[in-house]
4 protein chains.
Amino acid sequence: MNPPRTYGDYLALDEILGAQRPASGKGDWQTASHDELLFIVVHQAYELWFKAMIFEIDDVLKILSHGTVAEAQVALVVHRFKRVNEILKLILEQIRVLETMSPLDFLEFRSQLGGYSGFQSYQFRLLEAKLGLRRKDRLTYGDRQYYCDLDEAHQRQLREAESQLNLFDALDAWLSRTPFLEMKGFRFLDAYKEAADKIAAAERAAVDREKGLSEQERQRRLARVAGNAQVFASVTDTKQHEEYRTAGQRRLSYRGMLGALFINLYRDEPILHLPYQLLVGVTEVDENLTLWRYRHAQMVHRMLGRKIGTGGSPGYDYLKETVERHKIFQDFFDLSTLLLPRSELPPLPENFKQSLGFSFDVNDKVTSS
Amino acid sequence: MNPPRTYGDYLALDEILGAQRPASGKGDWQTASHDELLFIVVHQAYELWFKAMIFEIDDVLKILSHGTVAEAQVALVVHRFKRVNEILKLILEQIRVLETMSPLDFLEFRSQLGGYSGFQSYQFRLLEAKLGLRRKDRLTYGDRQYYCDLDEAHQRQLREAESQLNLFDALDAWLSRTPFLEMKGFRFLDAYKEAADKIAAAERAAVDREKGLSEQERQRRLARVAGNAQVFASVTDTKQHEEYRTAGQRRLSYRGMLGALFINLYRDEPILHLPYQLLVGVTEVDENLTLWRYRHAQMVHRMLGRKIGTGGSPGYDYLKETVERHKIFQDFFDLSTLLLPRSELPPLPENFKQSLGFSFDVNDKVTSS
Amino acid sequence: MNPPRTYGDYLALDEILGAQRPASGKGDWQTASHDELLFIVVHQAYELWFKAMIFEIDDVLKILSHGTVAEAQVALVVHRFKRVNEILKLILEQIRVLETMSPLDFLEFRSQLGGYSGFQSYQFRLLEAKLGLRRKDRLTYGDRQYYCDLDEAHQRQLREAESQLNLFDALDAWLSRTPFLEMKGFRFLDAYKEAADKIAAAERAAVDREKGLSEQERQRRLARVAGNAQVFASVTDTKQHEEYRTAGQRRLSYRGMLGALFINLYRDEPILHLPYQLLVGVTEVDENLTLWRYRHAQMVHRMLGRKIGTGGSPGYDYLKETVERHKIFQDFFDLSTLLLPRSELPPLPENFKQSLGFSFDVNDKVTSS
Amino acid sequence: MNPPRTYGDYLALDEILGAQRPASGKGDWQTASHDELLFIVVHQAYELWFKAMIFEIDDVLKILSHGTVAEAQVALVVHRFKRVNEILKLILEQIRVLETMSPLDFLEFRSQLGGYSGFQSYQFRLLEAKLGLRRKDRLTYGDRQYYCDLDEAHQRQLREAESQLNLFDALDAWLSRTPFLEMKGFRFLDAYKEAADKIAAAERAAVDREKGLSEQERQRRLARVAGNAQVFASVTDTKQHEEYRTAGQRRLSYRGMLGALFINLYRDEPILHLPYQLLVGVTEVDENLTLWRYRHAQMVHRMLGRKIGTGGSPGYDYLKETVERHKIFQDFFDLSTLLLPRSELPPLPENFKQSLGFSFDVNDKVTSS
């Protein structure tokens, strides 16, 4: 390839900067509503960032779709998530720019837009699908499907993405392959159960010890301790786990959940550190995306009140309800419920620990074993 | 006063920097859990900012409690809100700092804390009360009141704040005094009604004109138009407004709502510009506070999962529900529903407009009238 | 105009999302360096925001180019600056996204780019010119002009912008028309001089009073007091002001400087509040733009080290030097040097104050005079 | 330890919230200047964050002071830096809160402060010293030392910190121990030299090939290529490196520089990934700290103009000059100059690569070698 002649050629600035065409006025910027340019630019910038995030997520899916994911590639996935998170943090702030447009200013050209809204972004829904949001998870509005406003080609692409490996499932599969759960002299599940029982017993004893509790309060506390114990039990009891799954309270497979838990508990082991960063990364992606949905819903509330567009685009109440409902990696947040304090953690066998550490030492050579 | 001897004296740094005392370990920082210092500092910083915000809001309340609020004071209130908003934006970001503590790290000293949480901040609840959150608006958890974990003195102070003028009521009263709604040759309500009717008729006609709608879809759209028309009607129909109030859908008095609407619609008039900035400011305060509650709930989800503390401090599900429920200035967001496009706005009488404008002109003198 | 058929049509997404073409690999995204997409998207987003900012500034210039600027228009200018500032804060954060590309990743496709850089953005230089950066203020690099890498058409447009009214000059003219400097019973300059003399005398007395100063230290302090007094003197002494201007230390005209000072000192008067917000707004624009230049230079340092591109694009050392040198509204920052404490401020005549205040009062009518 | 009785006890809120005492007015908040509370709170929050950062850095120094740093500890250092960076990003934004205080508002109580400023923060200087800023690197102002305004005890503590291991030196020592530079069948320096020579030759050829260059321009470009080559040479030529050091252009030891370079070039190897993250982390710490210094200087410019306080505290011009001068890890930024594109990178011996990778594979067991 010949390098492009100029900075402007390279960035295709003629196309980028020529793509703002007002719907208000007579179709030129002399007669258009002043704030429409901002409105267009904000949404175009969103779409650029959506493209960039999809590109990163596609690469992650490619990496994770292999049966074997080498450590170097885990580092790459961590890096990809870091970028997606920086982009999400940026577009979260971008809402503040849009909010410099007042509701009254928006009204000036809103009716010219034919009733559609940012909700119709094909790329945003594609991103959600690739992350793992399933058709059945999505909130419909009225009796209409979430894709009804897309054209044929985009509907097809969306269905295609939904039928392919998504990030949630890819991570579930990768987590299910977590090694180390059983080693010579160490069975993770036994050790976990023992520690969890010990904690529950200590909590019960603490309630018993506490003076001056009313019987009602004592019963309430004991019920809480029992509830916590049941949650711990779901780690060692496949059946309990599957019941949570059937009830829609968990999505990870049993082995995937175990893998995620093990990595969280033993992340201080060097070999588990990058896997741990990966889990943190994807949790932050989901958290930031959820925040964006929430911010966006708030902004719609401020901009439009509670009125539904005559074109029927969904308003604040719909958007608000999607915020949590479309959260994809709930299991990774809920995981904290299953953690045990480090002090109660069953120790790994010494030979395991030794086999996995390196150090840069004073004798100028790497020490491994 | 003699000026303080040094920077450190002035800032009372001995007190500030000596006030971090770990609950974990043996009570010193050598043996404490490493992350506890961050945990303490984050919450102390929050409390400092809460104090600073309460100070600003108290001053606003003092200004607005006078029957007459001069224009210069409106500017001051705008300025106070700007500061509160900058603080809120900052503490929103502060959550990112706290999130560098992982759930497992928190577990290390969490049990030492005795089960209380940021939820117990007396100042935060005081701030909410001063802004206008009423006791009856608050979500209780289980059968316990939101104040049950405060000591006597704080409960008393909170009750006191709840019994005094709050920001919502102060603004409602101020808005109710908005002049200009009736002037020679101009009656705002008549003009608004005329414009709203015209818009509803145009929307109905648009539905009729649209080809190829199924009868079902046609009926749905007409119902939507009728719904919008009813909302507009609440502006000119006191009874409708009061019904919304009784149903808990509005809180502003009828005249307060009219004042807010008028200011929003005619904010381009110089005399209404600062009042408009004031309304924007308070809306942003509420939006940012709501965002903070949401961010905080998300962080709790990530940090604790869904488990309820044995001490009984409310968890993620409780916090999530307060986010919207404790939003105080809903009416100011909903107001956008009542706006009319500038092009449909009834014009103000010319003599009114003339009486309120100034300009710096080429002849080096102020032009007013 | 018919409304656009879909969200995608309206935003011209085919053009926007089809405008990323890699220089690395074989020209497609399968073979390109992974990070090149981010690099392109980041710069395209920048250019979108540059366009949006130029649009706002052009509107401000149009408003200010009239001999008379009505108060409503001052409010509009304030609003425009607020938007530009939100955009600048956003693109400041955008650098964090670009920094997820490591220097080594950049090296992979950097040589394909032909040596140009963000420095070559035509729109950025246009924005600077419109704000008031003059050709002669710009740093040249080596013996090359800052525009040498632009094509003919852009060079012409830049020259054109430089020959038209810029924001600095427009504001200077507007400030020069500030009324009120002389009113019946009030001469601003006399009052200012009196207060400044009083302050200088008090400062001298404070030095004299201080015990235990070495003679050397005493002389140093007195010299400082004298220096401050000379700066104050430049307010009442046209000649002094013009000397600063000739030395390049000030750019505002004498009357423009007086206007800015008066507005700052008496901004509590309602009629001066919006003009004051305008001055704050433009100062923030310049501060944020300066920050962006600085952030950008730091990022270049991190990304490229100190090496100069073979294509000769200017590196870190050049960029670092432009940061402060291209700051346009230095005078507005320096103005703080000339402020007097409110307690020393000469009071305005009572009849002036009365003529400029409004209030919403308890009797439900506007009070003005 | 008994757990603290309440949230307020735990956070020592009586001390924290009782530590704001105005210098203006009569010493109470009824009579003080309104903005003084914000001023105090902002600075107290800064000091809390300084304490939190120093705590993290102290822990890093403890880890790095051992002759052997295990991989798990490298992960911990990475984590500590991440936290410091989040804090730095936060206090960068905190300046926006302080900027809601206008210069005129500051003037109201500034003279009561006795002329000291944030510049006098003992903790900030301590932080800088611990990071590696040496006494001789610091800018003096006038003939006064940077510590002259501290009391005896703080001066002593500062000297103590300066005499102990700082982060720069600790990292230099750690980097100097980087293994792998020589392995069977691989000598890093030979490989690097070969690649660098090849690149220089290619750049020379490119200049020769380019048509239509004036002789002057040709010479300029060749000079640039030669300059780049000389920089590359400093990697293989200890003498060249030491000359840069003597001239103050580099600070890292020769072996430290080699280690940093090697880690940057081969960070895709799993074993080098955490060390690479560590280098990125410390570079970001320095970048964010530098940004804070710059933001702070800008804010002082806006707040005070260019006047020097009568108490003699250093003003904008001094602060501006420290920004770059007090940048500590310049070498890590400059390192980018020495990078080679991955495509030119000498490959590591295959047996090395094999010995360092792990993967979670389909057969449910860890694969290592």
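In what follows, chains carry the letters A, B, and so on, assigned in the order in which the sequence lines appear, proteins first and then strands, with residues in each chain numbered from 1.
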Separation between CD (A:Gln94) and CD (C:Gln94), nearest 0.5 Å, reads 8.0 Å
Heavy-atom closest pair (C:Ala52 atom, A:Val41 atom, distance to 0.1 Å) is CB-CG1, 4.3 Å
Minimal heavy-atom distance between C:Lys51 and A:Leu17, with the atoms involved, is NZ-O, 2.7 Å
Given C:Gln20, C:His79, C:Arg80, the one with more heavy-atom pairs under 4.5 angstrom with chain A than any other is C:Arg80
Bottom line for A:Gln123: the part with an atom under 4.5 Å from chain C's heavy atoms is side chain
Rounded to the nearest 0.5 angstrom, the CZ-CD distance for A:Arg83 and C:Glu99 is 12.0 Å
Closest non-hydrogen atoms of C:Ala23 and A:Tyr10, given as atom of the first, atom of the second and distance, are CB-CE1, 3.8 Å
Closest non-hydrogen contact found for A:Ala19 with C:Ala12 is O-CB, 3.6 Å
Here the gap from C:Leu113 atom CG to A:Thr6 atom OG1, rounded to the nearest 0.5 Å, amounts to 12.0 Å
Nearest heavy-atom approach of C:Ala45 to A:Leu48 is N-CD1, 4.0 Å
Honestly, the part of C:Asn85 sitting under 4.5 Å from a heavy atom of chain A is neither
Across all chains, not counting sequence neighbours, the salt bridge (Lys or Arg N to Asp or Glu O under 4.0 Å) partners of C:Glu15 are A:Arg21
Highest number of heavy-atom pairs under 4.5 Å with chain A among C:Ile87, C:Asp14, C:Val42, C:Val97 belongs to C:Val97
Rounding to 0.5 Å, atoms NE2 (A:His43) and CG (C:Leu13) come to a distance of 10.5 Å
Taking A:Ile16's backbone N and O only, do any of them form a donor-acceptor pair with C:Gln44's side chain (distance below 3.5 Å, no angle check)? no
Sequence neighbours excluded, the answer for ring-ring contact (aromatic ring centres under 6.0 Å, His included) partners of A:His34 is C:Phe55
Output for pair (C:Leu38 CG, A:Glu86 CD), nearest 0.5 Å, gives 10.5 Å
When the 4.5 angstrom heavy-atom criterion is applied to A:Asp59 and chain C, the contacting part is side chain
If one checks every heavy atom of A:Asp105 against chain C at 4.5 Å, the contacting part turns out to be side chain
Smallest heavy-atom separation, A:Lys82 atom then C:Thr100 atom, equals O-CG2, 4.5 Å
Answer yes or no: does atom CG of A:Asp151 have more than 12 heavy-atom neighbours from other residues, nucleotides or ligands under 6.0 Å?
yes
